[in-house]
Amino acid sequence: MNDAIKIPAKPRLTTSAMIASLATEGQRTKPAPFGHALAELAETRRDIVGMTADLGKYTDLHIFAKAHPERYFQMGMAEQLLIMAAAGMAKEGFMPFATTYAVFAARRAYDFLCLAVAEENLNVKVVCALPGLTTGYGPSHQATDDLAIFRAMPNLTIVDPCDALDIEQAVPAIAAHNGPVYMRLLRGNVPLVLDEYNYKFELGKAKLLRDGGDALIISSGFMTMRALETADILRADSVDVGVLHVPTIKPLDEETIIREASRNGRMVIVAENHSVIGGLGEAVASLLMRSGVRPAAFHQIALPDAFLDAGALPTLHDRYGISAEMMSTRVKSWL
Amino acid sequence: MAVTPAMSAMPATPSYAAAMPFVPLSMVQLREMARINRVDCTNMYMAAGNGHFGSSFSCVEILTALYFSVMRVDPANPDWADRDRHIFSKGHAAPTLYSSLIRRGFMPAEWMHEFETEVGVKLMTHPSRRYQPGVDVSTGALGHGLSIGVGMALAGKMDRKDYRVFVLLGDGEINEGSVWEAAMSAAKYKLDNLVAIVDRNGLCVDGRAEDVMPMGPLKQRWEAFGWETFEVDGHDIPALLPLLDVLRNQGNAKPRMIIANTIKGKGVSFMEDVRGWHADVITPAQYACVVDELKEPLQ
């Protein structure tokens, strides 16, 4: 990172900050939106089962487990089994929501998800906590590569929601979709921001949250929240930034992205909580090139192609340039 | 398509999805069906030019017992909700399964003539649920079947159905860690509707199974994982039948494991227990020898 950029002084953060939620102090949040949404949906959808690999508590599935104990299956620390037992359930007409951490689903259970689930297009929803840089535990728990890994898997739909509202609405939407889905999960006390933008999650649809004439940030996951914060920060400098939220990484809403990226010849910036390699940024770049869309400039805000450091999350977000302060500084430098 | 020597040697096949009620075959008929299965496999591999002879021949009697005596299935309704399920986890031996499904009436006999011969045929190297009626799970990547079987058996319990789930595993395949993840969970969830069979032919690609990765006393290992376990000669149909044909939901609350001791390449003298015949090319002269040796059922 650029050492010349001054990082504002912050209170010393302890280990607990490594696993703390993304919410900043005073931010509006909702607890365990995934767990509550799934438990509620399961009231009417009797085919839903919840499965986990000893991470029910840390994927908010414990809410579902308490509400529907007869439909909750604890498979132990065995991600291969988790995915394949879910496949077996799906073959028999159930709709499993299988939860673990993103690193384990993407790296450890890849072959099983690919061939036992995706190849037969089974109705398994894999919902994974700690996507990208949402833990300070270091590379063993930081799924900075999951989108790159999963985007190449045929039949798999990939969802990267931004906040509690997005998650709540995504749960019934992915349940209504017949086929395998990988959803990145924000867990615990999840920020609530999109309710102020007249927003509704639609599978496969990108949503323009705010318009702006100087630059367009195309973003997914919680980076949309950061993009909105960045737009607020830059407005004070009379810089007008638009934000296009892309919660479905695959299939990509090509029509909306092309339309927005074509307007006014403004700069396009893709912001994502993922390695600069193989995620939303490269997907959008490829789409624009293929479509003949030439924005004034194209930039990526993403995690570096590196195994990241361990530490407190706010510190890491500053270090790797995905905090709102760092983002706004970088966007300004590109204008 | 030209008639090849392989095709003309094929025994007559029943019509596709015969509407006649199924009567389990007698012991003599089962032995004959096992013989026909080996001939079918040989013909398919001859047409393809090569194949996994060893592991195909070692599991013939197990599949014959399942499809022609034990399993509750309906060829006219392959996805019948109350059918017994079979997961052919050792998917490399696909022709043995294809022969069973064709002879049982799930698929047209003509498909057998086209095994692996060109792009787009229905019978490919490994079983695929997408193209083949009667195949419950696509297999070929090893180490998947038992875990999927756990999910299907759990679903059967939740649905209060009395179907059984049979999973046939290779003994090399059980090196895979996923198999042992499944073993733990099947015991935890008391899946007495799950029957696993290990085709213990003792040979892997790279050598003796016990040299490639020692698995020790298998029966005790599975027992220690909480399974009810049995050991049997996997070519002995009379011995296999009572072990496979257990009562559904028998109530002892344990999954059942049958260690079937078999011989890789069983039935063809120059293939039996020979590592090279894991997968190999067959010459026309060798083909003639195999067909000649398979004139009589094995005793």
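In what follows, chains are A, B, ... by sequence order, proteins preceding strands, each numbered from 1. Because the structure is a prediction, the values reported are computed rather than measured.
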Visitor: A side-chain contact here means heavy atoms from C-beta on lying under 4.5 Å apart; do A:P161 and A:F201 qualify?
Guide: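 They are not in contact (no side-chain heavy atoms under 4.5 Å apart), so the answer is no.
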Visitor: Identify which part of A:E79 has an atom lying under 4.5 Å from any heavy atom of chain B, answering side chain, backbone, both or neither.
Guide: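 Backbone only.
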Visitor: With under 30° as parallel and over 60° as perpendicular, where do the rings of A:H68 and A:F64 fit, or are they tilted in between?
Guide: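 Tilted, since the angle between the ring planes falls between 30° and 60°.
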Visitor: By a 4.5 Å heavy-atom criterion (distance strictly below it), what part of B:V165 contacts chain A: side chain, backbone, both, or neither?
Guide: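 Contact with chain A involves no heavy atom of B:V165 at all.
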Visitor: Which answer fits A:E120, side chain, backbone, both or neither, if we ask what part of it has an atom under 4.5 Å from a heavy atom of chain B?
Guide: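 For A:E120, the contact with chain B is made by the side chain alone.
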Visitor: At a heavy-atom separation under 4.5 Å, does A:D111 approach chain B through its side chain, its backbone, both, or neither?
Guide: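 Both backbone and side chain.
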Visitor: Decide yes or no for A:V103 and A:D146: does some side-chain heavy atom of the first lie under 4.5 Å from some side-chain heavy atom of the second?
Guide: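 No, every pair of side-chain atoms sits at 4.5 Å or beyond.
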Visitor: Using the ring of each side chain (for Trp, its six-membered ring), is B:Y67 parallel, tilted or perpendicular to B:H86, with breaks at 30° and 60°?
Guide: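 The rings of B:Y67 and B:H86 stand perpendicular, inter-plane angle above 60°.
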Visitor: Measure up the B:H52 and B:H278 rings against each other and bin them: parallel (under 30°), tilted (30 to 60°), perpendicular (over 60°).
Guide: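 Ring orientation of B:H52 relative to B:H278: perpendicular.
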Visitor: So which residue, B:S185, B:A81, B:G177, B:G140, ends up with the most heavy-atom pairs under 4.5 Å with chain A?
Guide: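 When all of B:S185, B:A81, B:G177, B:G140 are compared, B:S185 has the most.
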Visitor: Heavy-atom distances under 4.5 Å only: say whether A:A86 touches chain B with side chain, backbone, both or neither.
Guide: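 Neither the backbone nor the side chain of A:A86 comes within 4.5 Å of chain B.
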Visitor: What part of A:F112 is in contact with chain B, defined as an atom under 4.5 angstrom from a non-hydrogen atom: side chain, backbone, both or neither?
Guide: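 Both the backbone and the side chain of A:F112 come within 4.5 Å of chain B.
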Visitor: Taking NZ in B:K219 as the centre, count heavy atoms belonging to other residues, nucleotides or ligands within less than 6.0 Å. Is the count above 12?
Guide: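 Atom NZ in B:K219 is packed in, count exceeds 12.
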Visitor: Using heavy-atom distances under 4.5 Å, tell me whether B:D79 contacts chain A through its side chain, its backbone, both, or neither.
Guide: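 Neither; nothing under 4.5 Å.
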